[in-house]
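The structure under discussion appears below in the form of structure tokens.
In what follows, chains are A, B, ... by sequence order, proteins preceding strands, each numbered from 1.
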Amino acid sequence: MKAVVLSKAYDPKTFEDRIYQRWMEKGLFAPEGEGSDPFTIVMPPPNVTGILHMGHALNNSLQDILTRYHRMKGRPTLWLPGTDHAGIATQNIVEREIAKEGLRRQDLGRERFLERTWLVKDRHHAIIKKQLEKIGSSCDWSRERFTMDEGLSHAVREAFVTLYERDLIYKGEYLVNYCPKCGTALADDEVEYQEVAGTLWNVRYPYSDGSGFITVATTRPETMFGDVAVAVNPTDERYTHLIGTMVSLPLTDREIPIIADSFVEKEFGTGMVKITPAHDPNDYQAGIRHNLERINVLNSDGTLNENVPAAYRGISAEKARVLVVKDLVDGGFITGEKEHNHEVGHCYRCHTIIEPYLSNQWFVRMQGMAEKALKAHQDGKVIFYPRRWENTYTHWLENIHDWCISRQLWWGHRIPVWECQACGERIVSREDPTACPACNSTDLRQETDVLDTWFSSWLWPFSTLGWPEKTSDLATFFPTSTLVTGYDIIFFWVSRMIMASLEFLGEVPFRDIYITGLVRDKQGRKMSKSLGNGIDPLEVVDQYGADAMKFTLCYMATQGQDILIDMDSFRLGSRFANKVWNATRFILMNLEGAELLDAETVPRNTLDRWIYHQLNNAARKIEQAMDSYKFNEGAQAVYDFFWNDFCDWYVESAKRNLYSDDAAEKSRQVTLLLDLLAQSMRLMHPFASFISDEIYSQLPNVSDELIMSTYPEWRDDLESATDALFVSRMQEAVSSIRALKADLSIPADRKVAVVIKVDDDFAATDFFVENQSLIASFMGASSLVIDDGADTKGAVPVAGTGYESFVFVGEAIDVKAEIAKLEGEVAKSEKALEAVRAKLGNEKFMTNAKAEAIEKEESKRAEFEEKIEKGKKHLALLASFL
RNA sequence: GGCCGGAUAGCUCAGCGGGAGAGCGAUUGCCUUACACGCAAUUGGUCGGGGGUUCAAAUCCCUCUCCGGUCACCA
């Protein structure tokens, strides 16, 4: 074979783009094979509003690892990518954009506004796709979807009409969360509560008969024009006599009754609450209980409307509050005010304070679907990793509210409902109607509202596969295997997907749900634009490479734990990749003159069997890790095997064979090294895809595509406990000599003579003898003699397990220091031995403990006894040097 | 207020019933013909406090303290 020359330095920039290009050209991301057990992931679609952040990088890295792993395991594997139209968020972006031109969306009109929005969508989509490619995502782009593409729009339409036909969709006037800035209703979950410093005012409401007044407490005096009653707790003895009497509403000429309702807390404020059904969720419910009128005092833009005295009309609620308070003070109605912190709802998109607002909206009845989703979980049809997130899921479903799905936006799926202007007939239809089925009028008007973005997202696992058509993709890949997502959207999305799948297909959409942690900065803060502490995935790729990023994230992805990182964190993956590169470079530069043999049949010595044993164990560890979604353990197994076993010991031990004059031996060694390299690349490909591919494609012993090659499986015949024991004894012997040398400040390149004396029952004697020169070079020994009769006069003794080493260090030794050190070690062993003996002498331990625990204690006893015995002997020896 | 999570080496975290681990950092020695993004060695911990269960507890139970998350109708 000819040597293969790799560039001197690991430089991911020189090959990552090229390799991704090749994967794409060869169509290697498309599902392959006829297996009956496909592996499918649908990518949580990123919003087309921005660029991917570190959270996306984590998510998609883990999905890529799963995808590549299962693909190599031979399953037909599909990772389906796509993006989300993100109704409010995207519309906000466009509105901000046109605002710079001094325009509002109304100025453009619906059609032109949407044209601009599509342009924004295209722009962001291109960026997102580029980013996913840069980080190496092996998703099948030929199946990419968008929540507003034709097929998905069709699915949305089908879902809406089906639910309507099943009487699960209704329209009505309800109090909903309304964002005055975005100008639309929001679902309950889209409201974020934040503590706000407010004021609690005590306001006098005079009795109608002029005989005095009551005092109510309120944080929102400006809504008093919508008051229709004052409520007290029915058991509140201070006020029971007042129930049924009337008070007059200040600043107006209206009179309202005092009513009793148990929701009122006696202790809070004055124990009297003004009831404003059109502007407070509690009051709304109370209004229903007492059959009260609902007086809406707000316009949709958050200003006061015609239901308030003229002086306040058209003024924003915030400003009106100041005015109202001033007027109340002037009128002598305010009797007190105090600071009051309370939770106030904010829009999750623009953070404006939410108004509870009475309006006509569309809702989905959730109760029945929620029950089915709960049952599916109880029956074990979906499993959360980590387990604890199931509480979030079940708690939300057990307290489900009907889902407000109408949004007063333009960007989204327009609600497929028409109203006949002639007869008022409502038409809900899969096809756009042309005439009213009741009166034949053609004067039909479609709903102007669009659907909540999540109304398309909740269909994602099957709409992307072609539903409602019965496509072969749907038949093959649904239900999908695993969902990888963050915990912030368990109710927004995860539980709704489960409900939709059960409702429309009668099956759960996926079995495993892996919930990732959040990516935070080193101080544990969320990465955010406002803090400026975010890390751009592309910058990481630019600085360290895509493999370094994926490997590092995976290595740190402990189940259930947030990930704290900064730019430097990625050095972990980068260093590993560099190590892989250089180890490979070294092996490939030494091929010259060697003949490639059959790695399976070439003779293997102890070290060879040992490294295959370690490789085998790594494969098993990774399999266990992947099956239980312990990504960090998988990455760690790869890292430890390649670095600590393969590079530090095996490749080092192979050097003498590579430099050997014995051509047969060199060929044998090269063959094994190349095989181990190929297997290592397979092992690490899911975790470090580009570098493994770049190397694999240059190996002379393989010619297939790494991405499609077979993942190493655990093999019984590669297990070799004896060889593993031998090598660990060698490692112990080598380390102890290196430590002694370092301890005595003997430079590594100054060789010392070493003698090893083995115990009669030492199993690795032959192995030690056969590898004498290798062990000597590992130790930095000028000579190594393995002979029980050798003269060790003047040598420093070092204890080993089953043998003793004697090192001729000459003048270097500080006998007193060595004695002190050894005394410490012996004392430690004696203490440990004492504990072990106590255990073994404990009757309860002997009767209760498992047999293997007792066995282990016994072997510990032997081990400590050996250490102490040798230690004492060595102490005596050292003492004689003085 | 309810529920959940975390508290282990200077830092970030694994381990979750049988002898305290990794990476980074620090210290020391080495440019040993793959790698100084390296090699070798060393340092470093009453596993948050208290109690209990057990032959055995960082690991299970109770309790307290401190951080974090999440849900909830206190006007």
Side-chain angles (χ1 to χ4, degrees), chain A residues 6 8-10 193 198 200-201 216-220 223 231 263-265 267-276 280-286 340 342-343 386 388-389 391-392 395-396 399 487-488 490-491 518 520 522 524 544 548 552 555-556 558-566 568-569 571-572 574-590 630 632-633 636 639-640 647-648 651-652 655 659 734-735 738-743 745-749 777-778 780 832 835-836 838-839 842-850 852-854 856-857 859-860 863-864:
Chain A
L6 291 190
K8 179 136 174 65
Y10 162 65
Y193 288 87
L200 187 66
W201 284 278
V216 301
T218 181
T219 55
R220 301 202 52 194
T223 64
F263 95 93
V264 179
E265 300 278 336
E267 283 72 33
F268 189 86
T270 60
M272 288 190 147
V273 189
K274 65 192 205 62
I275 301 296
T276 322
D280 182 276
N282 282 318
D283 296 3
Y284 180 79
Q285 292 301 329
H340 177 67
H342 57 147
E343 298 281 310
R388 65 186 148 91
W389 291 111
N391 295 329
T392 306
H395 181 260
W396 186 76
N399 297 283
Y487 53 73
D488 47 337
I490 289 177
F491 6 89
L518 242 48
R520 299 170 176 279
K522 280 279 182 190
Y544 296 108
T552 304
Y555 194 92
M556 301 182 87
T558 312
Q559 216 176 78
Q561 230 12 66
D562 286 348
I563 298 178
L564 275 56
I565 47 157
D566 59 17
D568 277 352
S569 306
R571 284 172 54 207
L572 170 73
S574 176
R575 284 171 58 251
F576 180 63
N578 184 255
K579 187 71 181 178
V580 171
W581 184 262
N582 280 295
T584 305
R585 193 164 83 92
F586 171 68
I587 292 167
L588 295 187
M589 68 173 56
N590 283 291
K630 294 186 174 171
N632 59 318
E633 290 182 10
Q636 221 166 112
Y639 185 101
D640 289 346
C647 291
D648 288 350
V651 175
E652 287 305 319
K655 280 182 176 171
Y659 304 146
V734 169
S735 294
R738 285 172 176 172
L740 179 77
K741 284 181 69 181
D743 199 30
S745 299
I746 301 170
D749 59 351
S777 75
F778 270 139
V836 171
K839 258 192 184 175
N842 183 337
E843 221 173 283
K844 283 183 176 171
F845 174 74
M846 298 304 283
T847 49
N848 290 327
K850 284 176 283 184
E852 54 189 81
I854 295 175
K856 200 165 179 191
E857 290 303 314
S859 76
K860 269 157 67 180
E863 194 186 311
F864 290 132

Practice item. Looking at every strand, decide which applies to A:Val836 at a 4.0 Å heavy-atom threshold: base, sugar-phosphate, or nothing. Key: nothing

Check your understanding: Taking atom C1' in both B:C61 and B:G17, what distance in whole Å separates the two?
Key -> 13 Å

Practice item. Would you kindly give the OH-to-P distance between A:Tyr639 and B:C13, to the nearest whole Å? Key: 18 Å

Review point. With a 4.0 Å cut-off on heavy atoms, is A:Lys741 in touch with a base, just the backbone sugar-phosphate, or nothing at all?
Key: nothing

Practice item. Stems involving RNA chain B: give each as a range paired with a range, ordered by first number, where a stem means at least three consecutive Watson-Crick or G-U wobble pairs under 3.5 Å. Key: B:1-7 with B:65-71, B:10-13 with B:21-24, B:26-30 with B:38-42, B:48-52 with B:60-64

Check your understanding: To the nearest angstrom, how far is A:Leu740 atom CG from B:U42 atom P?
Key -> 11 Å

Check your understanding: For A:Trp389 and B:C3, what is the distance between atoms CH2 and P respectively, to the nearest whole Å?
Key -> 16 Å

Check your understanding: Is any side-chain N or O of A:Gln636 closer than 4.0 Å to OP1 or OP2 of B:A14?
Key -> no

Check your understanding: Does the cation-pi check pass for A:Lys655 over A:Phe586, that is, NZ or CZ under 6.0 Å from the six-membered ring centre and within 45° of its axis?
Key -> yes

Review point. Atom NZ of A:Lys850 to atom P of B:C55: distance rounded to whole Å?
Key: 14 Å

Check your understanding: For A:His395 and B:U70, what is the distance between atoms NE2 and C1' respectively, to the nearest whole Å?
Key -> 10 Å

Exercise for review: Quick one: label A:Gln559 by what it contacts on the DNA or RNA (base, sugar-phosphate, nothing), any heavy atom closer than 4.0 Å.
Suggested key: nothing

Check your understanding: Tell me, do A:Met556 and A:Gln561 make a side-chain contact under 4.5 Å, heavy atoms counted?
Key -> no

Review point. Starting at the 5' end of RNA chain B, which residue's closest nucleotide do you reach first, A:Thr270 or A:Glu633?
Key: A:Glu633

Review point. Given that A:Arg520 and A:Val273 both sit by RNA chain B, which one's nearest nucleotide is further toward the 5' end?
Key: A:Arg520

Check your understanding: Between atom CZ in A:Arg388 and atom C1' in B:C4, what is the gap in whole Å?
Key -> 7 Å

Revision key, fill the gap. One should read off an interatomic distance between A:Ile565 CD1 and A:Leu572 CG, to the nearest 0.5 angstrom, of 11.5 Å

Exercise for review: Would you kindly give the OH-to-C1' distance between A:Tyr555 and B:C24, to the nearest whole Å?
Suggested key: 10 Å

Study note, to complete from the structure: In 5'-to-3' order, the base (B), backbone-only (S) or no-contact (-) status of each nucleotide in nucleotides 31-41 of chain B, using a 4.0 angstrom heavy-atom cut-off, is ---BB-BSSSS

Exercise for review: Just call it for A:Asn842: base, sugar-phosphate, or nothing, with non-hydrogen atoms closer than 4.0 Å on any strand.
Suggested key: sugar-phosphate

Exercise for review: Rounded to the nearest angstrom, tell me the gap between atom CZ in A:Phe845 and atom C1' in B:G18.
Suggested key: 7 Å

Exercise for review: Answer with base, sugar-phosphate or nothing: what part of the nucleic acid does A:Phe491 contact at a heavy-atom distance below 4.0 Å?
Suggested key: sugar-phosphate

Practice item. Would you indicate which nucleotide in B:U12, B:G23, B:A75 comes nearest to any side-chain atom of A:Lys522? Key: B:U12

